[in-house]
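Accompanying notes for the structure given below.
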Amino acid sequence: MGWLAWSGGGDARTAAHASVTPEAPIRAGALVIEAPLPSDNRAATLLEVVSLHPDPCLLRIQSIPGEGFSVLISSGQDVFHALISHTLQARTASFRLTLNWDCDSGDGLLSIEHPGDDALFTRELAGCIPLPGSLVLGALAEMRDASVSQNLSYIGFHKGPLSIGPSPTLDYHTPVLTSQGYRKIGAMQPGDTVISASGNIVPVLGVFKKVTPAFGSNAPVRLRAPYFGLQSDLVIAGTQRLIVGGSDVEYTFGCDSVLIPAQHLINGTAAIAQPTRGTMTYYQLLLPAGEAFIASELALESLFIGRLRRRKDIFKHTTLSALPRNLLPEHATTFSQILRPFEAITLAAMRAA
């Protein structure tokens, strides 16, 4: 189990395991892409890969207006096609598509989600076919083409099933404030307690870990001390949101606190893009009411799961599947304002002045 291949565009951002060869089909695994949501009303081909060796095969992923996304895989005489709809247009400018398949059972799952949000659309599949290794290598080659990589943040191929839904976003070494002082998030366990941003002691219901290609919404960001009161630098995924308050926030934005996605702060001062070797291992805490917690004196959002426990049909495919569904909490949607990139950078500059 693990990542077989990934690409964020360009040779330096592409890798494939030695087991990936044109002759070796993948019978059980996952394909994931992340890309900006198409904005026009025309059909668009996000990725098309054709290979003639050792057998003719095709992989095509398309956006179809009014329908959603289409995934087509053909290999020799075998053909697999799936279509999934969504309503992300009004919510976000990007999406993540994940195709899980298992040829032994023939079953699979196609999902669309918004990185950093609770929007999740799924469709159960049947009649899945193996993915030829030649298509995996061909997709990596396609990502070296600028016209393709500018439309896809990344593509990845995973050996075995890949969980969907809420994803961890914090580096192993992130210092989390507990009643015994700061502890690395990667060393924490369920049953530990943390100090919430409101000063309460709350129990940790779960500690989640995930390895992911370090591109798109998963690209790591280094928040630099002493901006926003940080005592030390933090390395976090771009979608991880900071919770920032104060008189300047109230005066500028008319509310007690705002949410800032870390990726919106990248400006060479308050935050910079963190170099990686291709993948990142992230962690995150599940807290009873989705409380914010303190990391290096900064308030961060914990894992938000909304009412995911009610979605019994897809719960087993999510990050949360190891926990008893009936014992999980439900998190209310926050109404805090989420800053846009120029607003986040402006606030950071104001605090540095």
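Keep in mind the model is a prediction, meaning the values are calculated, not measured. Positions are given from 1, in the same order as the sequence printed here.
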### Task
Starting from the C-alpha separation in whole Å, work towards a yes-or-no answer on side chain to side chain contact (heavy atoms under 4.5 Å, CB included) for L177 and V194.
CA-CA 6 Å; L177 184 60; V194 299; over 6 Å; no

### Query
If you measure only the distance, is there a donor-acceptor pair under 3.5 Å linking the side chains of Q62 and S70?
no

### Summary
Minimal heavy-atom distance between S19 and A24, with the atoms involved, is O-CB, 4.1 Å

### Task
For the pair D78 (side chain) and S74 (backbone), establish whether a donor and an acceptor sit closer than 3.5 Å, ignoring hydrogens and angles.
no

### Query
With a 4.5 Å limit on heavy-atom distance, are the side chains of L285 and V207 in contact?
yes

### Query
Is a side-chain donor or acceptor of T252 paired with a backbone partner of D248 at a separation under 3.5 angstrom?
yes

### Query
Between R222 and D233, is there a salt bridge with N-O shorter than 4.0 Å?
yes

### Query
Which value, rounded to the nearest 0.5 Å, describes the distance between I314 atom CD1 and S321 atom OG?
11.5 Å

### Task
Give a yes or no answer on whether the side chain of T319 reaches the backbone of P166 with a donor-acceptor pair at less than 3.5 Å.
yes

### Message
With a 3.5 Å distance limit and no angle check, can you tell me whether T276 reaches the backbone of T279 through a side-chain donor-acceptor pair?
### Response
no

### Query
Where the side chain of D192 meets the backbone of Q189, is there a donor-acceptor pair that is under 3.5 Å apart?
yes

### Side chain R224, main chain L230, donor-acceptor under 3.5 Å
no

### Message
Would you say CD of Q77 has more than 12 non-hydrogen atoms from neighbouring residues, nucleotides or ligands within 6.0 angstrom?
### Response
no

### Query
Any chance the rings of Y172 and Y283 have centres within less than 6.0 Å?
yes

### Joint cluster assignment, L162 & L31, ILVMFWY side-chain distance < 4.5 Å
no

### Cluster overlap I243 with V249, hydrophobic side-chain contacts below 4.5 Å
no

### Summary
All heavy atoms of F95 vs all of L37, minimum pair found to be CD2-CD1, 3.7 Å

### Closest non-hydrogen atom pair between A30 and N100, with its separation
CB-OD1, 3.3 Å

### Message
Please check this pair: side chain of R311 against backbone of L120, looking for a donor-acceptor N/O pair closer than 3.5 Å.
### Response
yes

## Note on the structure
Between the CG atom in L46 and the CG atom in L152, the distance rounded to the nearest 0.5 Å is 6.0 Å

### Query
To the nearest 0.5 Å, how far apart are OG in S7 and CD1 in I33?
12.5 Å

### Message
Could you check whether any side-chain heavy atom of L4 comes within less than 4.5 Å of a side-chain heavy atom of V136, counting everything from C-beta outward?
### Response
no

Side-chain donor-acceptor pairs under 3.5 Å in residues 257-267, sequence neighbours left out?
unit_1	atom_1	unit_2	atom_2	d
H264	ND1	L339	O	3.0
N267	OD1	T269	N	3.0
N267	OD1	T269	OG1	2.9
N267	OD1	A270	N	3.1
N267	ND2	T269	OG1	2.9

### Task
Write down the atom of F69, the atom of H86, and the distance for their closest heavy-atom approach.
CE1-NE2, 3.3 Å

### Task
Ignoring hydrogens and angles, state whether a donor on the side chain of S296 or S232 is under 3.5 Å from an acceptor on the partner side chain.
yes

### Message
If you define the side chain from C-beta out and look only at heavy atoms, does anything of I164 sit under 4.5 Å from E113?
### Response
yes

### Task
Any chance you could lay out the side chain to side chain contact (heavy atoms under 4.5 Å, CB included) test for R310 and E330, step after step, and finish with the verdict?
CA-CA 9 Å; R310 299 190 183 191; E330 294 185 5; 2.7 Å; yes

### Query
Is it true that the side chains of Y182 and E297 contain a donor and an acceptor less than 3.5 Å apart?
yes

### Query
Considering all heavy atoms of both residues, which atom of W101 and which atom of I26 are nearest to each other, and what is their separation?
NE1-O, 3.0 Å

#### Entry: Approximate separation, where rounding is to 0.5 Å, of R13 CZ and L140 CG
13.5 Å

#### Entry: Student check: side-chain heavy atoms of L347 and V244 closer than 4.5 Å
yes

### Query
Are V176 and L303 in one and the same hydrophobic cluster, where Ile, Leu, Val, Met, Phe, Trp and Tyr link if side-chain heavy atoms are under 4.5 Å apart?
no

## Note on the structure
When every non-hydrogen atom of E291 is compared with those of S196, the smallest separation belongs to CB-CB, 4.1 Å

#### Entry: Single-linkage hydrophobic cluster I305~L300, side-chain heavy atoms < 4.5 angstrom
no

### Message
Check this for me: R340, atom CZ, are more than 12 non-hydrogen atoms of other residues, nucleotides or ligands nearer than 6.0 Å?
### Response
no

#### Entry: ILVMFWY network linking L59 to V20, side-chain heavy atoms under 4.5 angstrom
yes

### Message
Could you go through L287 and L205, starting from their C-alpha distance and side-chain angles, then the distance that decides it, and tell me whether this counts as side chain to side chain contact (heavy atoms under 4.5 Å, CB included)?
### Response
CA-CA 6 Å; L287 303 181; L205 303 182; over 6 Å; no

### Query
Regarding S163 and H317, is there a side-chain donor-to-acceptor distance under 3.5 Å anywhere?
no

### Query
Out of curiosity, L47 CG to I155 CD1, how far, rounded to the nearest 0.5 Å?
5.0 Å

### Task
Indicate yes or no: at least one non-hydrogen side-chain atom of L242 is less than 4.5 angstrom from one of E301.
no

### Query
Hey, does R325 have a side-chain heavy atom less than 4.5 Å from the side chain of L320?
no

### Query
Under 4.5 Å between any side-chain heavy atoms of S75 and P25, yes or no?
no

### Task
Could you check whether the rings of H331 and F304 sit parallel, tilted or perpendicular, using 30° and 60° as the cut-offs?
tilted

### Flag for N218-Y282: side-chain donor and acceptor within less than 3.5 Å
no

### Message
Can a donor-acceptor pair be found, under 3.5 Å and without considering hydrogens, that links the side chain of R123 to the backbone of L83?
### Response
yes

### Task
Evaluate the side-chain proximity of I272 to V221: yes if any heavy-atom separation is below 4.5 Å, no if none is.
no

### Message
Once rounded to the nearest 0.5 Å, what's the spacing between atom CD of Q274 and atom CG of L234?
### Response
11.5 Å

### Task
Can you spot which of S217, S153, S111 makes a side-chain hydrogen bond (donor to acceptor under 3.5 Å, both in side chains) with R96?
S217

#### Entry: Trace of the side chain to side chain contact (heavy atoms under 4.5 Å, CB included) decision for D55 with C57
CA-CA 6 Å; D55 297 301; C57 52; 6.0 Å; no

### Summary
A28 meets the side chain to side chain contact (heavy atoms under 4.5 Å, CB included) criterion, sequence neighbours left out, with D102

#### Entry: Heavy atoms from other residues, nucleotides or ligands near NE2 of H17 exceed 12 (cutoff 6.0 Å)
no

